[in-house]
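Letters A, B, ... mirror the listed sequences (proteins, then strands); counts begin at 1. All values below were derived from every heavy atom in this structure, side-chain atoms included, with hydrogens, water molecules and symmetry-related copies excluded.
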Amino acid sequence: MCIELAQILGSEIISADSRQFFQELKIGAATPTAVQLNTIPHHFIGHLSVRDSYNVCAYADDVLNFLEGFFPQKQFCLMTGGSGLYVHSVCHGIDLLPDPDLELRDNLKLKLDSEGIESLRQELMLLDPVFYDEVDLHNPARLIRAIEVCLQSGKPYSELRHQEATERPFRILKIGLKREREELFERINQRVDVMITNGLVEEARGLIEFRGQPSLKTLGYREIFEYLDGDCSLDEAIYKIKANTRHYAKRQMTWFRKDQDMIWFHPDDKQGILDTIRAFLD
RNA sequence: GGUGUCGUAGCUCAGCUGGUAGAGCAACGGACUGAAAAUCCGUGUGUCACUGGUUCAACUCCAGUCGACACCA
């Protein structure tokens, strides 16, 4: 779909898919095929290994650097993607915060496991009472990240977090794709079945040693790891991948739906999308 | 044909001795600033198979009907 548009418009493609970055994740991340990748120049696909640690901020920097060299030559570029926060970081920026310290993060996780979430809440309340009042106190990931930033920077997280949109030296057109639920679910089921046929189980088996990496805390691989551990049958794993993919698709919709700039189309409405892009470029 | 068990939410099932139902999963809605395909929050959506009966009151007790399963012929 996107490749077809890129062909018609003579564009290149930037991926904002936080899993297609990793070269080892092919089947499970539904990475475009070699043929597709050769048809149109793609960027930020397979540029990392699952051993690498990467994050939104690094991604935003990389994309902006790339675009700095790209835009003098070309008029525009398509960006596609799944990961709302990653799209946001490129379009509107992301605050300058210390990079995660993985050792510190592990320690905080240990604290969570041994002393419970209340201990994280108490710690955050002392470090940053302002953020404590805003944060989702049930969400360990949020608590841990905030504590990390406080400890690493010596300042309250809330002081470093401005969440203001940054002006970009380029114009942005946002196009959202939306299908009827029933149709979407049908396609999800097919997609998962195809992954299995294409060898997802073998791909996952080959990556099981990296299962602790953030890059493999990924839909599709986790469920297959469970199967390989003998904790469920293959059918159960497939069922879970389908269910979790539905949940993920729903979360994407929730994220993008609240974006006022988004213009929505049915994916089959190629003409409508093309017209909108051309009008934007004129 | 006979006997027995069962029929409750989309699915799997709870529901004690009668007071018009509740869990898990699914579904639906939401949050989200370096884990984001991650992490977390909220919502029960129901002719309790059907028809009668007993009762102030039936998912619950009784009878019949239909359906599923098991065993016996």
**OP:** With RNA chain B as reference, determine whether Ala58(A) or Asn244(A) sits nearer its 5' end, using the nearest nucleotide of each.
**Re:**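 Residue closer to the 5' terminus by nearest nucleotide: Asn244(A).
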Subject >> Closest-nucleotide ordering on RNA chain B, the 5'-leading residue of Leu97(A) and Ala30(A) >> reply: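 It is Leu97(A), whose closest nucleotide lies nearer the 5' terminus.
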Using whole Å, what does the distance between atom [atom2] of nucleotide [N] and atom [atom1] of [X] come to?
{"X": "Lys217(A)", "N": "rA35(B)", "atom1": "NZ", "atom2": "P", "result": "10 Å"}
{"X": "Arg222(A)", "N": "rA37(B)", "atom1": "CZ", "atom2": "C1'", "result": "9 Å"}
{"X": "Lys242(A)", "N": "rA27(B)", "atom1": "NZ", "atom2": "P", "result": "13 Å"}
{"X": "His247(A)", "N": "rU39(B)", "atom1": "NE2", "atom2": "C1'", "result": "15 Å"}
{"X": "Tyr86(A)", "N": "rG34(B)", "atom1": "OH", "atom2": "C1'", "result": "7 Å"}
{"X": "Leu85(A)", "N": "rA37(B)", "atom1": "CG", "atom2": "P", "result": "9 Å"}
{"X": "Lys26(A)", "N": "rA37(B)", "atom1": "NZ", "atom2": "C1'", "result": "18 Å"}
{"X": "Asp95(A)", "N": "rC32(B)", "atom1": "CG", "atom2": "P", "result": "14 Å"}

Taking only the [atom1] atom of each, what is the distance from [N] to [M] in whole angstrom?
{"N": "rA57(B)", "M": "rC69(B)", "atom1": "C1'", "value": "34 Å"}
{"N": "rA23(B)", "M": "rG44(B)", "atom1": "P", "value": "10 Å"}
{"N": "rC66(B)", "M": "rA9(B)", "atom1": "P", "value": "23 Å"}
{"N": "rG52(B)", "M": "rA58(B)", "atom1": "P", "value": "13 Å"}
{"N": "rU47(B)", "M": "rG30(B)", "atom1": "P", "value": "27 Å"}
{"N": "rA35(B)", "M": "rC48(B)", "atom1": "C1'", "value": "45 Å"}
{"N": "rU45(B)", "M": "rA21(B)", "atom1": "C1'", "value": "14 Å"}
{"N": "rG15(B)", "M": "rC6(B)", "atom1": "P", "value": "11 Å"}

Nearest-nucleotide pick for [X], side chain only, options being [options]:
{"X": "Phe185(A)", "options": "rA26(B), rG34(B), rC28(B)", "answer": "rC28(B)"}
{"X": "Pro214(A)", "options": "rC25(B), rG34(B), rA35(B)", "answer": "rA35(B)"}
{"X": "Cys57(A)", "options": "rA35(B), rG34(B), rA27(B)", "answer": "rG34(B)"}
{"X": "Lys109(A)", "options": "rC28(B), rA35(B), rA37(B)", "answer": "rA35(B)"}
{"X": "Gln20(A)", "options": "rC40(B), rG34(B), rA37(B)", "answer": "rA37(B)"}
{"X": "Arg246(A)", "options": "rG30(B), rA35(B), rA27(B)", "answer": "rA27(B)"}
{"X": "Pro100(A)", "options": "rC25(B), rC41(B), rA35(B)", "answer": "rA35(B)"}
{"X": "Tyr157(A)", "options": "rA37(B), rG34(B), rC32(B)", "answer": "rG34(B)"}

What does [X] touch in the nucleic acid at a heavy-atom separation under 4.0 angstrom: a base, only the sugar-phosphate, or nothing?
{"X": "Gly84(A)", "answer": "nothing"}
{"X": "Pro140(A)", "answer": "sugar-phosphate"}
{"X": "Glu164(A)", "answer": "base"}
{"X": "Phe22(A)", "answer": "nothing"}
{"X": "Arg181(A)", "answer": "sugar-phosphate"}
{"X": "Asp17(A)", "answer": "base"}
{"X": "Tyr221(A)", "answer": "nothing"}
{"X": "Phe131(A)", "answer": "nothing"}
{"X": "Ala60(A)", "answer": "nothing"}
{"X": "Arg19(A)", "answer": "base"}
{"X": "Ile241(A)", "answer": "nothing"}

Original post:
Quick one: do Asp229(A) and Arg211(A) make a salt bridge, cutoff under 4.0 Å?
Top reply: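 So Asp229(A) pairs with Arg211(A) through a salt bridge.
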**OP:** In plain terms, say whether Glu183(A) and Arg179(A) are close enough for a salt bridge, that is, a side-chain N and a carboxylate O under 4.0 Å apart.
**Re:**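 Salt bridge present between Glu183(A) and Arg179(A).
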**OP:** Go through the side-chain N and O atoms of Gln271(A) and Asp275(A) and say whether any donor and acceptor fall under 3.5 Å apart.
**Re:**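 Per modelled atom types, Gln271(A) and Asp275(A) side chains form a pair under 3.5 Å.
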Original post:
Do Glu203(A) and Tyr221(A) have side-chain atoms, one donor and one acceptor, less than 3.5 Å apart?
Top reply: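 Side chains of Glu203(A) and Tyr221(A): pair found under 3.5 Å.
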Original post:
Checking Glu24(A) side chain against Ser49(A) main chain: does a donor-acceptor pair fall under 3.5 Å?
Top reply: no
Original post:
Do any N or O atoms from the side chain of Arg121(A) and from the backbone of Leu137(A) form a donor-acceptor pair under 3.5 angstrom?
Top reply: yes
**OP:** State yes or no: are the ring centers of Phe280(A) and Phe76(A) separated by less than 6.0 Å?
**Re:**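 Not under 6.0 Å, so no.
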**OP:** Answer yes if the ring centres of Phe66(A) and His47(A) are under 6.0 angstrom apart, and no otherwise.
**Re:**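 No, ring centres 6.0 Å or more apart.
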Watson-Crick or G-U wobble partner for [N], using a 3.5 Å limit on both distances?
{"N": "rC48(B)", "answer": "none"}
{"N": "rA38(B)", "answer": "none"}
{"N": "rA68(B)", "answer": "rU5(B)"}
{"N": "rU20(B)", "answer": "none"}
{"N": "rC25(B)", "answer": "rG10(B)"}
{"N": "rC32(B)", "answer": "none"}
{"N": "rC61(B)", "answer": "rG53(B)"}

Original post:
Are the side chains of Ile277(A) and Ile175(A) in touch, meaning some heavy atoms are under 4.5 Å apart?
Top reply: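 Heavy-atom side-chain distance check passes, below 4.5 Å.
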Is there a side-chain contact between [X] and the phosphate of [N], meaning an N or O under 4.0 Å from OP1 or OP2?
{"X": "Arg251(A)", "N": "rA38(B)", "answer": "yes"}
{"X": "Lys258(A)", "N": "rC32(B)", "answer": "yes"}
{"X": "Ser83(A)", "N": "rA36(B)", "answer": "no"}
{"X": "Arg142(A)", "N": "rA36(B)", "answer": "no"}

**OP:** Could you label the plane-to-plane angle of the Phe170(A) and Phe71(A) rings as parallel, tilted or perpendicular, counting under 30° as parallel and over 60° as perpendicular?
**Re:** tilted
Original post:
For the side chain of Asn55(A) and the base of rA35(B), is some donor closer than 3.5 Å to an acceptor across the two?
Top reply: no
Original post:
What form does the base of rG10(B) take, syn (within 90° of 0) or anti?
Top reply: anti
